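Note that the structure is a prediction, hence the values are computed from the model and not measured. Each chain gets a letter, A, B and so on, in the order the sequences are listed, and its residues count up from 1.
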Amino acid sequence: MRTSLVELRDAAAILRASSVGSLPAPPARSARSLDSASPRARARALVLGAASAALVLGVTAPALAVEPEVTADTAAQFYEVTSPDGQRVLTRRRFTATLGVAGTDLLNKDKLRAQDPLAPELLFRARVRFDSDYGAGGEEANRQSPETLVPGFNRGPIDLMYAYVEGRRFFKGVAGFKLGRQYVTDVLGWWSFDGATVRATTPFFVAVEAYGGLEQRGGMPLSTPRFERDGIMRGSRTNFDPAAWTSFQPARVAPAFGAALESTGTSFVHTRVTYRRVYNTGASNVSMYDDGLRSPVQYDGTRVSSERIGYAFDGSLPNVGGVKGGLVYDLYVKKFSQLYLSTDVYATQKLTLSADFDHFRPTFDGDSIWNFFVSGPTNDIGGRLAYQANDHLGISGGGHVRLFNNQTESATDDTTEPRLGAPTSPNGLASGNYYPEGAFYVNGGGNVAAKYRYTRGNVSLRGAADGGGTGGRAGGDVYADHTFQNRYLVSARAGAWYWKDSLRPDRSATSFGYVLGAGYILSPRSQAMVEFEHDVNRVVGNRFRLMLWLTLAVTK
Amino acid sequence: MNRRTSGFSFVSLTFALALALLGALSMAFADPQKPLADAGAPTATSASPSPSSSAAIVAAGGLVVPGEFASGHAPLPANAKVPLKWLPAGAFDPDTGPSVGIYPPQSLTIRFNHKLHQTKVGTKCTTCHKGATTSQSAQDHLVPTGVTCDDCHGSDHKDLAAVKAGDDLTGQCAFCHEGYKPSDGNRVAKLVLPRANMIFNHKKHADRNINCQQCHGEVQELELATRDQLPRMRGCFGCHQFPDAAAQGMAKGNCENCHITGGGTTGNKMKIAFPSGTLAPPRWMHNAAHTPDFIQRHKMVAANDSQFCANCHKEDFCTGCHDGRVRPRSIHPNDYISMHPVEARLAMQKCTSCHREQSFCLQCHQRLGITMSGPSDARNAGRFHPPKNIWSDPPRNPGHHSQEAKRNLNACVSCHIERDCVACHGGQGIGGGFNPHQGGFLASCNTQFSRNPRPCFVCHDPQDAKLNQCR
């Protein structure tokens, strides 16, 4: 067992630190991991812990009109990751803490709103996150050590997940706004930016929305790269040798704006049209080789990062069924990157039958060369059923096939003249960039799931199987949790999964695993929990993971 | 006079005995399949006739028509099914009742015949439910107390510790209280009517001339009104379809108009967990039934109307997975880190909904040396992909990297940086010149070049004549 009791003690100490605002003195055997944390990371942990304690304690005192809320989530994980050849092992000692503050009813209108649904509302919400890996070696973040540096890697980043002030129903219910770091979730994806959104809800079942600001990008202060378009390795190049890691592009501000038109108010139909454009600014390394045939060069100028338009809809008739659909058109690549349609038929009061279609074509940031590599999209066709036996038990399942059809004939511009579109490959394939053999692929799979809910817990089952030319996996697991005396929480999970790696047959294996958890519910929204996970398979042998959770919430 | 009186008494006695005999016979020939009410365990939504209480009343010599005395134990005689037209608006056929989360199960230990009171006694809804038009909170108790019954039934419920029965049969405890037995002392079975877990203003609705039936169904046609006569959310939407803003009417459709706010540990905005049950959207609402496999299709709901999700879920709920730092086992089971390449090769697009390839995936792969361009100290000397003769050399049969890339380019991007591809695909100065462009590329390249020429210059010199076709 690689996770020792000492590590358990480390975890408890770290958790205590988060609640009282100071880091504990590391136990002797764990000195390496905690000492290896940079003073900066330790200072961050200290500041976050102190802020957490101060806010949790301070919020309870005064009687304000505002309805305050302070929440904190802490998770400590201890495990190891091994490379496929077993040569390299990463010791993960991760500590993740988030701290959220919120205040609702800033205008003290809640009582008024009970009488008047048009009464305005003002609120704020913010959450900051500290995500560190005390198991990481400092050399991976050392920018003076190109042999070990992992570009963009940060051992203890702090990011502001969101922080905004929101107003609703101003000007007799017509106007709303959001100011600050915020998420936008729609058919274009899950996205974050710093800026402002204004929204007008008209009396005609239509709302208009417009927003603008700066996209959240990795390498910028208090930011993560999670929300920028893929295809570019980007981050802070501060203290980087200009000639080193030229593929690692410098992070720059990314102006963005968007607009949406949305139906509102009706429960049986909804639709949203949305448009968004994001710009890349500043210099970008173009030549990837500082010692190649070309000299390192940069391209500098404001340019499109992404420009897309999307549409989504759903409609339902309570005794018949419903339909959902959507599309995304990439105006930079000039192709549909996504098309989907789902139809539900309410066969009986308890049984729903569904058919799904999903078309996907990857697109990337405008700076990325990979937009030019894309060829055929994948198309998924599937069927599902869901049976709600009663208030407690639900069963669902389905299957799908994924079709991919590669280019099977040379295109016109490939043969008329040797222009840019023509294949210039020096590999002897004069007939061009197409695949006369094996151009049609089928993957497939399915899943079943069941869930039984009861007052004090739930039991769920899951099984899934997916397969194709590159491999597949199949397996299932069962999970249960139960609360005793409204105080004590226990959970358990057990599963067996088989996977076949056709490209690397030696990596195929069957995994057996279980997780045991126990917790204590401090209050309806606060709890502490410990989980122990053990998995065994042929590839890595025994793998252990220990997890400690602490969730705290304080409200007025 | 005395003779007439004694004659009347004789007739009365005879009539009473005959009724008692009829009552005894009716019990003797009663349907044996029909469940008998257990005085100690009344059912949650309806009560069945109680022969023991009937026998007690009849034995007391009361003047009761047996058919009427047996009423009020269920919505309809013989516990018949209530027609859909008499149920609240929004009920389905077959009806599954209102939400147990909103309306916790009840224990009705009173028999009551609404139809009889309306048609024969002449009472109105507000005769007994006095607060029905003035209540402004769902926490108000609108079911009448025993005192309300006293005026007509002759009983006295003022002091619940010492309730006095009325003089005639209708004032006896067992007349209304299911399972009442004198031998139990002056105790009756507890009536359990939990408050609704919602916000509701009866007065506001009554002031707009919305009558009781519009929300509660045709209660006047029923005997016992059970939990099934409580409103259905779908019925509310008959009016509450209007936007959460200036619009026609005041019946706004925003959730917090009716639902209680205040979340739980999972970052909920609306209170969804109650001891009696958990709230989740019904399937007719945005097709968003939270079935056991909802996680596989929730994107279609969120992509269309994220505000609908936000009625219950705060951002924290979404970030748990979509920007998560802790592996959710309900998605990634067992030793997923060993299993993940297989799933990524099948459908990397699933991964990208939570993970950004050129940061999340690439960084870990670089740390572990599973990449062509990682730090030299970490770089793996071994070969990750299949042998060169399959993966790189012509012909491009299945298994060749070009086909894998075109089928699932995201998987490549999770390990490689663009320099890795340019090494072979670069067209000018550097690279082997293996053209990556697909057929028909010229049709769109001018748009791409004009909006962002940066990726073109990665492979082509700015002076490359081929670029003129895209300028």
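- Residue A:R453 qualifies as open at atom CZ: its count of foreign heavy atoms under 6.0 Å is 12 or below.
- In this structure the side chain of A:R127 never reaches within 4.5 angstrom of the side chain of A:R125, judged on heavy atoms.
- Taking A:V515, A:V539, A:T96 one by one and counting their heavy-atom pairs under 4.5 Å with chain B, the maximum is reached by A:V515.
- For a residue to count as touching a neighbouring chain, one of its non-hydrogen atoms must lie under 4.5 Å from one of that chain's; by this rule A:N537 touches chain B with the side chain only.
- Looking at B:L362, only its side chain comes within 4.5 Å of chain A, counting heavy atoms on both sides.
- We find that B:E418 and B:R454 are joined by a salt bridge, their nearest charged nitrogen and carboxylate oxygen being less than 4.0 Å apart.
- No other option in A:P151, A:P318, A:G398 has as many heavy-atom pairs under 4.5 Å with chain B as A:P318.
- In this structure, chain B has no heavy atom under 4.5 Å from any part of A:Q388.
- The contact between A:T378 and chain B is made entirely by side chain atoms (from C-beta outward), counting heavy-atom distances below 4.5 Å.
- Considering only residues two or more places apart in sequence or on other chains, A:F153 meets the ring pair (Phe, Tyr, Trp, His ring centres under 6.0 Å) condition with none of them.
- A:R462 forms no cation-pi arrangement with A:Y479, by the criterion of a distance under 6.0 Å to the ring centre and an angle within 45° of the ring axis.
- Only the side chain of B:R234 comes within less than 4.5 Å of a heavy atom of chain A; its backbone N, CA, C and O stay farther away.
- In terms of heavy-atom pairs under 4.5 angstrom with chain B, the leader among A:V187, A:D186, A:I369, A:V81 is A:I369.
- In terms of heavy-atom pairs under 4.5 Å with chain B, the best-connected choice from A:K451, A:K334, A:E147, A:R272 is A:E147.
- Interface remark: A:Q349 contributes backbone and side-chain atoms alike to the contact with chain B (heavy atom separation under 4.5 Å).
- Taking the six-membered ring for Trp and the full ring otherwise, the centers of A:F373 and B:H425 sit less than 6.0 Å from each other.
- Taking the centre and axis of the six-membered ring of B:F360, the NZ or CZ atom of A:R226 falls outside the cone set by 45° and 6.0 Å.
- Proximity to chain A is limited to the backbone of B:D93, based on heavy atoms less than 4.5 angstrom apart.
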Test side chain to side chain contact (heavy atoms under 4.5 Å, CB included) applied to B:H400 and B:I390, step by step | CA-CA 6 Å; B:H400 194 273; B:I390 299 172; over 6 Å; no
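- For B:F384, the parts lying under 4.5 angstrom from a heavy atom of chain A are both the backbone and the side chain.
- Both the backbone and the side chain of B:V326 come within contact range of chain A, with heavy atoms under 4.5 Å apart.
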